[in-house]
Amino acid sequence: MTLALDEVAQKTAAYLEEKWLRKVVVTNIEKIFGGASRETYRLEVEVDGKSRGLILRRDPKTSLIDTERKLEYGAYVAIYPTDIPVPEPLFLENDPSILQQPFSIMAAIDGAVTDANMLNEDQKQQIGMEKWQLLGALAAKDPLELGFDSFMEVPEVDQCAPRELAYWEKIILADQIHPQPIALAAIRWLKANLPPPAQKLCVVHGDYRTGNFLFEPNDGIKAVLDWEMCHLGDPLEDLAWSLDPLWNWDDAENAGRLLPHSEAIRIWEESSGLRVDLEVFRWWRVFASLKGLAIWISSSEDFQNGEGKDAILAMAGWLMTDRQNRILLDHLSPHASRELTGSLA
Amino acid sequence: MIPNTDDALRMLSQRLMNHLLPDLKSLYCRSDGMLVGMLMNAIADEVATGIDRRMKDIADMKTLLAKGGSYLDAGTVVSSEPLSLSLKDVNQLHDELTGHLIQLHIQVEKEGSADATELNNDIWRYLETTAGRHVITAMG
C-alpha cells in the first residue's frame with residue numbers, strides 16, 4: 001500500500017525522534033522518481049535548529065529487483081569507511097509496522113545529480129574517468145578485509161560465473177510470461193562456454209552504470225548508489241555490466257554515454273591492477289546482457305501479476321526487454337552485424 | 001462511432017503529456033506520467049499491428065518446424081490455427097509454437113550435420129527477423 005507523503009513524513013519524524021532523542025521536524029519531503037527497487041524519498045529535517053537532508057528507502061511489495069535489504073545496507077556500512085564514496089548509512093529498520101514496509105535511512109548528498117545528459121564533453125571525460133577508476137578501485141579491494149564475509153556468501157573463484165548464471169536462469173524460467181527463445185539460447189551458449197576462474201574475488205556492485213552514482217559536473221563523483229544487487233564475485237562482472245550497450249542507447253561509441261569502451265577498460269585495468277582478457281570478457285558481456293534481460297522479464301511479471309503497477313515496471317519489461325533481446329542477438333547470432341556490441345573489436 | 005483505437009491512444013497520450021502533466025506540481029508524478037504516456041504510444045502500436053506481427057511469426061515458425069520435422073515432432077500444432085483472432089488466442093498459439101521452436105533449436109545445436117547447421121542458421125535469422133518485426137520505437 002502506498003503511504004501518503006505527509007504520513008511518511010510524520011511517521012519518519014517520530015521514528016527519528018526515538019532514535020536521536022531529539023525533536024525532529026520534517027520541513028520538506030518529496031518522492032524521488034526512478035527508485036525502481038525501493039520507494040525512495042528525500043526529506044529535509046530540522047534537528048536542534050539545524051537542517052539536514054535524508055534519503056529514506058522503503059521496500060515496495062514488488063520491485064524491479066527483488067533483493068535482500070540487509071545485504072544492501074551491509075554493503076553501505078562496509079564500503080562507507082573506504083575511498084569509494086557512498087552515502088552515510090544511518091538506520092536499517094526491519095519492523096514493517098512503522099512504515100508498513102521495512103526501510104533504511106541514509107544521509108542525502110546535497111547538490112549532486114545523476115543525469116549525465118547535462119554534461120559537456122570535458123565533463124563527460126572527467127566523470128567517465130572517475131567512474132571506471134572507482135570501479136577499478138572497488139575491484140582491487142579485498143572483500144574479506146572489508147568484512148563482507150560476515151553478511152554475504154563467499155563463493156569460490158571457480159564458482160563466480162556458474163553461480164550467477166544459475167541465479168539469473170532461475171529468475172527467467174520462473175518469471176517469463178511468454179517463452180523466451182533468445183534468452184534460452186544465450187543461457188545454452190553461456191553454459192557451453194564458461195570462463196576460467198575469476199582472477200580474484202571482489203565486491204561486485206551489481207548495477208554499476210551511469211545513473212547509479214551522484215556527481216557534481218565540475219567536481220566529480222560524490223556517491224555510488226543502489227547497491228541492492230551487491231554480491232561477491234568476478235571483477236569482470238561489474239565491468240561488463242557497465243559497458244552493456246543498453247546504457248548507451250543513443251550513443252553507440254561511448255560506454256555509459258561517457259567514454260569510448262576501450263578507454264573505459266584501460267582506466268579500469270590501471271586502477272584495479274587486473275587484466276581484461278577479451279575472450280573471457282566476451283562471456284561476461286553476454287552474461288551482462290542476459291542478466292539485464294532477466295531483470296526486465298522479471299519486471300514484466302511483477303507488473304502483470306504483482307501488486308505494484310508502477311509504470312517503470314511495465315516500461316522496463318517492454319522497451320528494455322525489446323532492446324536487450326536485440327543486444328543478445330547482436331552478441332550471438334551467426335549473422336549479426338555487431339552494430340550494438342562490436343565496439344571492443 | 002468509435003475512433004480508431006490506436007490513433008485514440010496516441011492522441012490521449014499527447015493530451016496527457018502536453019496538456020495535463022505540465023500542470024502537476026510533483027516532479028515524481030510528472031515523470032511517472034511521462035512514462036505512462038510513452039507506454040500508451042507503445043501500446044497503440046501493439047493495438048494497431050500486434051496481431052499481424054504475431055501471425056507472421058506463426059507462419060514463419062510453422063515453416064521452420066516443418067523443415068525440422070526430422071529433428072523434432074511438433075505434432076499437430078504445425079498445422080493448427082488460432083482459435084480466434086483475439087490477441088489472447090493468437091498469443092496462445094504463438095507461445096506454443098515458440099516452445100517447440102526452442103526445443104528444435106536445442107536439437108539442431110546438438111547435431112553437427114550440414115542440414116542441422118543450416119536450420120540453426122534459419123532459426124537465428126527468424127529470431128533476428130522477429131526482434132526487428134516487434135521493435136518498439138514509440139518513445140513519446
Side-chain angles (χ1 to χ4, degrees), chain A residues 2 4-5 29-36 39-42 115 173 176-189 191-192 249-250 293 296 300 303 309-337 339-340, chain B residues 16 25-43 45-46 54 57 61 64 90-110 117-118 120-140:
Chain A
T2 302
L5 276 181
I29 181 169
E30 59 182 326
K31 196 170 179 182
I32 298 176
F33 179 72
E39 286 180 10
T40 308
Y41 303 83
R42 186 193 159 83
D115 183 6
L173 295 178
Q176 58 182 353
I177 296 168
H178 303 289
Q180 298 292 318
I182 298 169
L184 295 190
I187 290 168
R188 293 195 299 277
W189 185 89
K191 284 183 176 173
W249 200 311
D250 52 356
L293 184 56
W296 317 136
S300 282
F303 183 78
K309 297 298 177 201
D310 272 353
I312 198 165
L313 290 173
M315 177 65 90
W318 198 306
L319 292 176
M320 313 298 237
T321 301
D322 173 52
R323 169 81 174 174
Q324 204 84 63
N325 265 325
R326 281 180 284 118
I327 291 170
L328 275 172
L329 284 167
D330 202 53
H331 273 302
L332 295 175
S333 171
H335 329 100
S337 64
E339 181 188 351
L340 302 173
Chain B
L16 174 70
K25 282 183 184 164
S26 156
L27 177 60
Y28 176 84
C29 292
R30 284 202 305 274
S31 304
D32 209 45
M34 283 297 287
L35 274 191
V36 172
M38 288 179 196
L39 281 165
M40 286 169 74
N41 276 327
I43 292 166
D45 286 348
E46 182 74 2
R54 281 171 184 73
D57 290 351
M61 284 192 282
L64 287 167
V90 172
N91 269 341
Q92 189 173 333
L93 180 60
H94 191 280
D95 285 356
E96 200 176 339
L97 287 164
T98 305
H100 286 294
L101 187 73
I102 289 168
Q103 293 308 314
L104 178 62
H105 202 179
I106 293 169
Q107 291 303 317
V108 298
E109 278 177 353
K110 286 180 187 164
T117 304
E118 187 188 320
N120 184 37
N121 282 335
D122 288 347
I123 293 171
W124 279 109
R125 271 196 200 92
Y126 163 74
L127 294 175
E128 287 184 58
T129 301
T130 194
R133 191 179 277 157
H134 291 254
V135 68
I136 296 164
T137 54
M139 290 296 287

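In what follows, every chain begins at residue 1, and chains take the letters A, B, ... in the order their sequences are listed. Keep in mind that what you see is a predicted model, and the values were worked out from it rather than measured.
Looking only at heavy-atom pairs under 4.5 Å with chain A, the residue among B:D95, B:L101, B:L27 that has the most is B:D95. Chain A forms more heavy-atom pairs under 4.5 Å with one residue of B:N120, B:T130, B:N91, B:N121 than with any other, namely B:N121.
Residue B:E96: no heavy atom, backbone or side chain, is found under 4.5 Å from chain A. Heavy-atom distances place no part of A:L328 under 4.5 Å from chain B, backbone and side chain included. Both the backbone and the side chain of B:R125 come within contact range of chain A, with heavy atoms under 4.5 Å apart. Neither the backbone nor the side chain of A:A192 comes within contact range of chain B; no heavy atom of the residue lies under 4.5 Å from a heavy atom of that chain. There is no contact between B:L104 and chain A, counting heavy-atom distances below 4.5 Å.
A 4.5 Å side-chain heavy-atom check between A:S333 and B:L127 finds every atom pair outside the cut-off.
Of all heavy-atom pairs between A:L329 and B:E128, the closest is CD1-CA, 3.8 Å. In plain terms, the two heavy atoms of B:W124 and A:A185 that are nearest each other are CH2-CB, 3.8 Å. The minimum heavy-atom distance linking B:A131 with A:D322 is given by the pair O-OD1, 4.1 Å. What you find for A:R188 and B:I102 is that their closest heavy atoms are NH1-CG2, 4.3 Å. Considering all non-hydrogen atoms of both residues, A:W318 and B:E46 come closest at CZ2-CB, 4.3 Å.
Separation of atoms CE (B:M34) and CZ (A:F33) is listed at 9.5 Å; rounding is to 0.5 Å. Annotation: the span from B:I136 atom CD1 to A:M320 atom CE amounts to 11.5 Å, rounded to 0.5 Å. Note that CD1 of B:I106 is 7.0 Å distant from CG of A:L184, once rounded to the nearest 0.5 Å.
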Could you give me the CA-CA distance, side-chain angles and deciding distance for B:T98 and A:H178, then say whether side-chain contact (heavy atoms from CB on, under 4.5 Å) is met? CA-CA 9 Å; B:T98 305; A:H178 303 289; over 6 Å; no
